[in-house]
Protein chains: 2
Amino acid sequence: MPNAFVLTLISSQNQPIHLTNNNGKHAHGLLFQLLAAINPDLATAIHAAQRKPFTLALLPQPKHSQNLLLRLTTLDDDLFAPLLQRIISENLVGLRLGDQHFYLTQVLATPEGHPLAAASSWQQLAQSATVGHCWLRCHSPTVFATAKAEGRSRHTPLPEPLLIAKSLLANWQYHSPLRYTPELATSLREAFELELELVEFNHLRFGRSHIGHDFIGGFIGDIHLHCHAKSAVVQQAFATLMHYSFFAGLGAKTTFGLGLTTPLA
Amino acid sequence: MPNAFVLTLISSQNQPIHLTNNNGKHAHGLLFQLLAAINPDLATAIHAAQRKPFTLALLPQPKHSQNLLLRLTTLDDDLFAPLLQRIISENLVGLRLGDQHFYLTQVLATPEGHPLAAASSWQQLAQSATVGHCWLRCHSPTVFATAKAEGRSRHTPLPEPLLIAKSLLANWQYHSPLRYTPELATSLREAFELELELVEFNHLRFGRSHIGHDFIGGFIGDIHLHCHAKSAVVQQAFATLMHYSFFAGLGAKTTFGLGLTTPLA
């Protein structure tokens, strides 16, 4: 069952938090420390995995806040409970992000606690209501790594409908126990190429996300996708993938805070 | 020689101008009247042409202005002089846009007169300075009509580098006496697919353009394209096409005010 939850961390020094370009990297490091504490083999396996079974983002906070909000999603059914347990037990000595120490004060796991928290079964996602269109909000810079011929790679910081659908479909195929057959997945990709259209966007802007010394540019904003398909199967897959974006994120580097995405009702 | 010029029209009733959704359509109609007055066969031929040898846009003006600014570009070497001559002679009885009458007061044909006016020889465009990247400003909604299989057509209101380059290249091949050989054009298209990247955008927003009762959505804003190609031929073509956008416009419906584009120095 995909889970999304928000951890409220408070600075152990009771001091305002210095958010730096390294925070995302440090949060990423903390998560792998926790995974290693659960099981070193698990951490190694996840680190080597082509697609990580989690996403991670530091949520922006008002200046001089002593709180840090860490949003975490898990896509692997066996990851949520042990990870949360480990976070709580590590918390006795404090959680370290870079050279700052924190204590966990809250785990928000439902939409009532935080709009970016929720849980949904794979079955529920697979049966998401089909309405033929969807607004997606990309909260953090979102970019697609588009591999090209001759080993060159290029980045596409645009909400291209086909890149969006292919990214979510590949993620679903990797993590979901309800994955489509390879033949159906191929048909879906072909249908999305014909049937998806970006019909509007709002507040679209270019944002840079720092990962240590590097930065990656992407788009932030609201986008409105239409699926023109008459096929009920294609419409169901479209609705499923749009809802799945809440847990999977969108595009590249979702374990470093990029591609934090929510479907808007 | 591609020409871009701005006509200042003043209302014959000395009254503020009512800009309506039909103005673009009326300006389009006026142009074809003028062409027909030059030569009925020319008007018919241009109307039937796959790609029109002109672009046309009404420039936004302050409210209650009694002026109308009409920006016109010509891509056919034999069109500029007769068209301008005809506009000036028709002006004796007044130019009609819908039910409003106008007199021409100014023809601005150089950048000193208006930043959207200029002339450039095909040779100059073909030898545009190559710097490997370019900012383009899309002043009016810009959209690409992307024909899909099975007769469906979709619109892409996004500054996708490949769609930009392919649109300008196809336009250049149609209108320029210095067109590339078909083999080179194919190689260029392949190179652009590998080598072009959108590296930043600013002030990007979604805009609707009304053409009578219909509307078409597109993007407006500034976009920064990089061409990573090592080939001098590819870099030259990239620079040429970026500069050519000033005259050709970008994407669909450039004769109805869409895709008004200028490269930024």
Side-chain angles (χ1 to χ4, degrees), chain A residues 133 135 138 141-165 187 189-209 215-231 234 251-252, chain B residues 133 135 138 141-165 187 189-209 215-231 234 251-252:
Chain A
H133 63 97
W135 277 97
C138 297
T142 302
V143 66
F144 301 96
T146 33
K148 293 285 176 76
E150 297 170 47
R152 292 177 182 91
S153 98
R154 301 276 178 252
H155 290 98
T156 301
L158 286 176
E160 287 187 25
L162 185 60
L163 292 179
I164 292 170
S187 307
R189 247 174 253 118
E190 288 167 4
F192 289 148
E193 183 161 11
L194 288 177
E195 307 291 9
L196 292 187
E197 196 166 31
L198 174 69
V199 290
E200 197 177 345
F201 56 76
N202 280 326
H203 315 301
L204 202 65
R205 61 182 213 272
F206 190 84
R208 287 186 175 76
S209 200
F215 75 84
I216 300 185
F219 65 90
I220 298 170
D222 296 347
I223 56 183
H224 194 192
L225 298 178
H226 264 234
C227 179
H228 296 281
K230 292 204 180 75
S231 151
V234 175
Chain B
H133 63 96
W135 278 97
C138 297
T142 302
V143 65
F144 301 96
T146 32
K148 293 286 176 74
E150 298 172 46
R152 292 177 182 91
S153 97
R154 300 276 178 251
H155 289 99
T156 301
L158 285 176
E160 288 187 24
L162 185 59
L163 292 180
I164 292 170
S187 309
R189 249 174 252 117
E190 288 167 5
F192 289 147
E193 182 161 12
L194 289 176
E195 307 291 8
L196 291 187
E197 196 165 31
L198 174 69
V199 292
E200 196 177 345
F201 56 77
N202 279 327
H203 315 300
L204 203 64
R205 63 198 170 85
F206 189 84
R208 285 184 178 80
S209 199
F215 75 82
I216 300 184
F219 66 91
I220 297 170
D222 296 346
I223 57 183
H224 195 191
L225 298 178
H226 264 234
C227 179
H228 297 281
K230 293 204 179 75
S231 151
V234 176

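Throughout, protein chains are lettered first and strands after them, A, B, ... in sequence-line order, and every chain is numbered starting at 1. All values below were derived from every heavy atom in this structure, side-chain atoms included, with hydrogens, water molecules and symmetry-related copies excluded.
At least one donor-acceptor pair closer than 3.5 Å links the side chain of A:Thr146 to the backbone N or O of A:Arg154.
When all heavy atoms of B:Val234 and B:Ser231 are compared, the pair lying nearest together is N-OG, 3.1 Å. Taking each heavy atom of B:Ser209 and B:Pro141 in turn, the nearest pair found is CB-CG, 4.1 Å. Taking each heavy atom of B:Trp135 and B:Asn202 in turn, the nearest pair found is CH2-ND2, 3.4 Å. The minimum heavy-atom distance linking B:Gly218 with B:Pro157 is given by the pair CA-CB, 3.8 Å. Across all their heavy atoms, B:Leu196 and B:Ala165 have their closest contact at CD1-CB, 3.5 Å.
Neither the backbone nor the side chain of A:His203 comes within contact range of chain B, judged by heavy atoms closer than 4.5 Å. Using a 4.5 Å cut-off between heavy atoms, A:Val143 makes no contact with chain B at all.
Side-chain contact between B:Ile164 and B:Phe192 is absent, with no heavy atoms from C-beta onward closer than 4.5 Å.
For the atom pair CG of A:Leu162 and CD of A:Glu197, the computed distance is 13.0 Å after rounding to the nearest 0.5 Å.
Of all the listed residues (A:Thr156, A:Val199, A:Leu158), the one sharing the greatest number of non-hydrogen pairs under 4.5 Å with chain B is A:Leu158. When the candidates A:Glu193, A:Arg208, A:Glu160, A:Arg205 are compared by the number of heavy-atom contacts under 4.5 Å with chain B, A:Glu160 comes out ahead.
Within residues 219-229 of chain B, the residues that have a heavy atom under 4.5 Å from a heavy atom of chain A are B:Phe219, B:His228, listed by number.
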